[in-house]
Amino acid sequence: MDEIVHRADQFIENCEFEEACCLLRQYADPPLYEILWRLANSLYCFSREWHRKDKKRSEDLIVEGFEISSKLLETSPNESASHKYYAIFLGEKAGISGPKQQILSLNKVLSHIKTAKRLDPSDPYVWYLEGGFYGKLLRLQWFEKQLVYTLNSNLIKPTYDDALRCLLKAEEIEPNFLRHNQYLIGKAYFDQKEYDKAKPYLLKLANLGILRTEDDKHAKEEAIIMLTKI
């Protein structure tokens, strides 16, 4: 088991997500926590690599990831990672099912993010997820917000301060842990026209030389676009 986990961690560290998935799938049954959370992580990262290039392949990975994360939550309900990956795949799978299903899943997604954060507040990724969740709500068009809150009367109505509090906390816990977190910070400041605060984050992304993932590439592209508007 130690050897399998070590090899999987090396693949993940090197962003070799397909290799990690192929390895971990072989040991997904019987369900073991250390295998399943790594497989869920690898499936999500691998789906992101295909998000803009092959939508069907990305969606197939999301469906598989939802099955794995459901099994992970069922077998290890007291682990932060179980709730974290279930929240991720619940939201992604609902998105595949259509706008109404995605809207109806919002409260449940946020609930699992908050549970993951309560179980492990030292994980920067759960803070990133919460901040990103609030950011998506804030960027909805007026008519979209009306629909969202009609179908989810108890859903939080966040502010940009709520989103930034989470995103900045993630960065405080582990600086530079995720380029997309820095992108969301820069975008939150940009959307509020606080350009002096946005610029350092956007410049850091715009000047990236090594782009390890598709999300890194997207963050750089968007940062450059925002900088041209400042």
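Note that the structure is a prediction, hence the values are computed from the model and not measured.
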Taking only residues two or more places apart in sequence or in another chain, which ones pass salt bridge (Lys or Arg N to Asp or Glu O under 4.0 Å) with K117?
E130
Kindly write out the residues that satisfy side-chain hydrogen bond (donor to acceptor under 3.5 Å, both in side chains) with R52, not counting sequence neighbours, or none if the list is empty.
E221
Restricting to side-chain contact (heavy atoms from CB on, under 4.5 Å), what partner residues turn up for N176, sequence neighbours left out?
E171, R179, Q182, K204
So, using side-chain hydrogen bond (donor to acceptor under 3.5 Å, both in side chains) as the criterion, who are the partners of R25 when residues are at least two apart?
E64
Which residue pairs pass the ring pair (Phe, Tyr, Trp, His ring centres under 6.0 Å) test with at least one member in residues 66-86, sequence neighbours excluded?
F66-Y86, H83-H112, Y86-H112
Those residues that, when tested against K197, pass side-chain hydrogen bond (donor to acceptor under 3.5 Å, both in side chains) (two or more places apart)
E194
Could you work out, with side-chain contact (heavy atoms from CB on, under 4.5 Å) as the rule, every residue matching E144, not counting sequence neighbours?
L140, Q141
Using a distance-only test with no angle check, is there a side-chain donor-acceptor pair under 3.5 angstrom linking H180 and Y128?
yes
Pairing residues for D161 by the salt bridge (Lys or Arg N to Asp or Glu O under 4.0 Å) criterion, not counting sequence neighbours:
none
Under the ring-ring contact (aromatic ring centres under 6.0 Å, His included) test, which residues partner H51, sequence neighbours left out?
none
Partners meeting side-chain hydrogen bond (donor to acceptor under 3.5 Å, both in side chains) with E34 (sequence neighbours left out):
W37, R38
For L211, check side-chain contact (heavy atoms from CB on, under 4.5 Å) against everything at least two apart and list the hits.
L208, D216, K217, K220
What pairs with K193 under side-chain contact (heavy atoms from CB on, under 4.5 Å), at least two apart in sequence or on another chain?
Y195
